[in-house]
Every structure is written in structure tokens, then in C-alpha cells.
Asks: 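This is the structure, below, for whatever I ask next.
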Protein chains: 2
Amino acid sequence: MVDQIIDDETIEEMEQLLNVASDFTRLKILHALLSGEKNVGELIEIVGASQSLVSHQLQVLRNNRLVSVRKDKTRVYYRLDDEHINMLFEVVYAHVMEKRMKKEDY
Amino acid sequence: MVDQIIDDETIEEMEQLLNVASDFTRLKILHALLSGEKNVGELIEIVGASQSLVSHQLQVLRNNRLVSVRKDKTRVYYRLDDEHINMLFEVVYAHVMEKRMKKEDY
DNA sequence: GACAAATATGAATATACGTTCATATAATAT
DNA sequence: ATATTATATGAACGTATATTCATATTTGTC
């Protein structure tokens with residue numbers, strides 16, 4: 001399926017998505033959202049980063065449409081806007097685990 | 001499966017993998033290798049980047065064990081060292097395609 | 001050994017970006 | 001209206017890294 005020719009524009013878009021995903025703070029946010037929507041305060045708590053940092057990174061996730069927003073009074077709730085994020089997590093997680101195995105029997 | 005608690009060390013390793021994958025040149029190299037092993041000269045041709053750049057990026061892929069190496073006389077052949085790369089490609093590709101659909105009916 | 005071809009490596013540069021700090025905005029409550 | 005809570009935003013800084021240029025290394029051939 002993917003072992004066809006992929007044009008450069010598509011590769012660039014793939015690069016873009018992977019770039020957004022390849023940050024510790026954003027990964028923690030995405031992971032937190034796997035179990036359902038959370039507001040910013042909750043995310044700050046779970047991720048363990050500063051308010052400003054979490055807010056900035058949420059902006060990045062928003063701009064790239066990985067998350068969508070819902071406002072309720074003063075709270076802002078974020079949730080995953082993409083079913084593929086789950087699969088992305090699965091694949092990357094599986095990779096990391098396998099590499100860990102291989103390392104053990106060096 | 002992944003909607004469990006994932007410790008920070010694992011997240012860091014996921015970040016690391018995604019970082020390696022999130023580069024245009026490296027993505028093109030990985031994509032070229034999906035169809036089978038290639039030597040450096042062939043990769044330079046396919047990717048359309050300079051000899052130095054391809055060689056540098058191959059080093060990054062090597063260091064992170066995404067590719068493995070085989071030498072034959074003066075040629076060096078690279079191939080994917082991981083079955084998950086295929087799946088990673090599939091997932092990211094699917095994501096990009098879906099986002100493209102959604103954009104069309106803005 | 002000298003030379004050529006294939007690949008790797010090191011230094012230098014420029015740019016992108018993650019994080020912090022300070023401040024702004026928006027909504028609610030008193 | 002003021003104060004408070006929740007969230008967003010802008011500037012500044014430091015660091016990581018992609019790319020280029022020049023040079024080194026390795027292997028094979030003459």
C-alpha cells in the first residue's frame with residue numbers, strides 16, 4: 001500500500017505530522033487524551049509541566065488539528081481529533097518495546 | 001493496549017524514534033528502503049540529495065537502528081532493520097490522506 | 001605504489017523550536 | 001467595579017540539528 005511512489009508533498013505532510021508528534025510534552029498530552037477529553041488544568045497536572053508550556057504545546061496540536069476544543073464556562077476541554085493517533089501510539093510503542101527486547105540479548 | 005500508564009522513559013524513547021522519522025531526507029530514504037535494500041549511490045539517486053547529506057542521515061538511521069548495513073566490495077547496502085517502519089508509514093500516510101479529505105470539504 | 005570510485009566524517013553555519021518569564025484576555029463571583 | 005481563576009499569547013534565550021563544504025578513509029584496479 002505505501003510501497004508505491006509517494007510524492008514529495010505527501011512526504012512533507014508526513015514529516016509535519018511526525019514533527020508534531022516527536023516532542024516529549026506533546027506526547028504526554030496526546031497520551032493523556034487517549035483516555036478521553038481533559039481540560040487544560042487537568043493536563044497541566046497529568047503532564048507535570050508549566051501552565052505556559054502546556055498551553056503553547058496545545059496550540060501546536062490545535063494548529064495541526066491533532067486535537068479539537070470545547071469550551072465550558074472558564075474551562076477549555078481538549079480531545080483527540082484523529083483516530084489514527086491511537087494507531088500511531090500503538091506502532092511507536094511496539095517499536096520501542098521490541099528494540100528494548102533486542103537490547104537485552106545484545 | 002497503549003491507553004495504560006506509560007512511564008516517562010518509554011515516552012522519551014518514543015520521542016526519539018519519532019524525531020528520527022520526522023525529517024524529509026530520512027523519510028525519503030526509509031521510503032526507498034521499503035521496496036528492498038539499496039546501496040548509498042542508489043539512495044543518493046532516488047532521494048535526490050547530496051552525497052554528504054545522504055551519508056549523514058544514513059548515520060542517524062544507523063545509530064538509531066532503523067537500518068542495518070551490509071558491505072560488498074566498495075558498495076554499502078542499507079536495509080530496514082525493523083518491521084514496524086512499514087506500519088509507521090502506513091499509519092502516518094493514512095493520517096495525511098484523511099486530513100487531506102477533510103480539508104476538501106472545509 | 002598511484003589512482004579512481006564509493007562512502008564516511010568533521011567543522012561551520014543557519015535555522016527551527018522548546019522552554020521560561022511576564023503579561024494579556026476572558027469568564028465568573030463577590 | 002474589583003478580584004480571582006483559567007487559559008492564551010508574545011518576547012527572549014538557548015539548544016538541537018539539517019545542510020553544505022572540504023577532507024578523510026576504504027577498496028579495487030592499473
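Lettering of chains follows the sequences in order, A, B, ..., and the numbering in each one begins at 1.
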Asks: What is the distance, rounded to the nearest whole Å, between atom CD of Glu15(B) and atom C1' of dT19(C)?
Replies: 13 Å
Asks: Restricting to non-hydrogen atoms, name the atom on Leu30(B) and the atom on Leu66(B) that form the minimum distance, rounded to 0.1 Å.
Replies: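 So the minimum-distance heavy-atom pair works out to CD1-CD1, 4.4 Å.
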Asks: Any ion pair linking Lys99(A) and Glu13(B) (charged N to carboxylate O, less than 4.0 Å)?
Replies: no
Asks: Identify which one of His31(A), His84(A), His95(A) satisfies the ring pair (Phe, Tyr, Trp, His ring centres under 6.0 Å) criterion when paired with Phe89(A).
Replies: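 Testing Phe89(A) for a ring pair (Phe, Tyr, Trp, His ring centres under 6.0 Å) against His31(A), His84(A), His95(A) leaves exactly one candidate, His31(A).
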Asks: Would you tabulate the side-chain donor-acceptor contacts of residues 46-54 of chain B under 3.5 Å, counting partners in other chains and residues two or more places apart, or write 'none'?
Replies:
residue	atom	partner	partner atom	Å
Ser50(B)	OG	Leu53(B)	N	3.1

Asks: CG of Asn64(B) versus P of dA18(D): gap in Å, rounded?
Replies: 11 Å
Asks: For the pair made of CZ in Arg26(B) and C1' in dA16(D), what is the distance, rounded to whole Å?
Replies: 12 Å
Asks: Tell me, for nucleotides 6-16 of chain C in 5' to 3' order, what letter each nucleotide earns: B for a base near a protein heavy atom under 4.0 Å, S for only sugar-phosphate near one, - for neither?
Replies: SBBBB------
Asks: Counting only heavy atoms not in Glu45(A) (residues, nucleotides, ligands), do more than 12 fall under 6.0 Å from its CD?
Replies: no
Asks: Taking OP1 and OP2 of dG18(C), is either one under 4.0 Å from a side-chain nitrogen or oxygen of Thr25(A)?
Replies: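 Thr25(A) to dG18(C) OP1/OP2: no side-chain N or O under 4.0 Å.
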Asks: From CD1 of Ile29(A) over to C1' of dA8(D), roughly how many Å is that when rounded to an integer?
Replies: 14 Å
Asks: Expressed as a whole number of angstroms, how long is the span from Leu18(B):CG to dG18(C):P?
Replies: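 Taking CG of Leu18(B) and P of dG18(C), I get 13 Å after rounding.
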Asks: Between Thr10(A) and Ile6(A) (side chain of the first, backbone of the second, donor and acceptor by atom type, cut-off under 3.5 Å), is there such a pair?
Replies: no
Asks: Determine the sole option in Glu42(A), Arg62(A), Lys38(A) for which the side chain to side chain donor-acceptor pair (under 3.5 Å) test with Tyr78(A) is passed.
Replies: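 Going through Glu42(A), Arg62(A), Lys38(A) one by one, the side chain to side chain donor-acceptor pair (under 3.5 Å) with Tyr78(A) is satisfied by Arg62(A) alone.
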Asks: Using five pairs at each end of the helix from dG1(C)-dC30(D) to dT30(C)-dA1(D) to define an axis, what is the angle between those two axes, to 10°?
Replies: 10°
Asks: Taking the basic N atoms (NZ, or NE/NH1/NH2) and the acidic carboxylate oxygens, is any pair closer than 4.0 Å for Asp23(B) and Lys28(B)?
Replies: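 Looking at Lys28(B) together with Asp23(B), the answer is no, because their closest N to O distance does not fall below 4.0 Å.
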Asks: Without decimals, in angstroms, what is the distance between Asn19(B) CG and dT15(D) C1'?
Replies: 13 Å
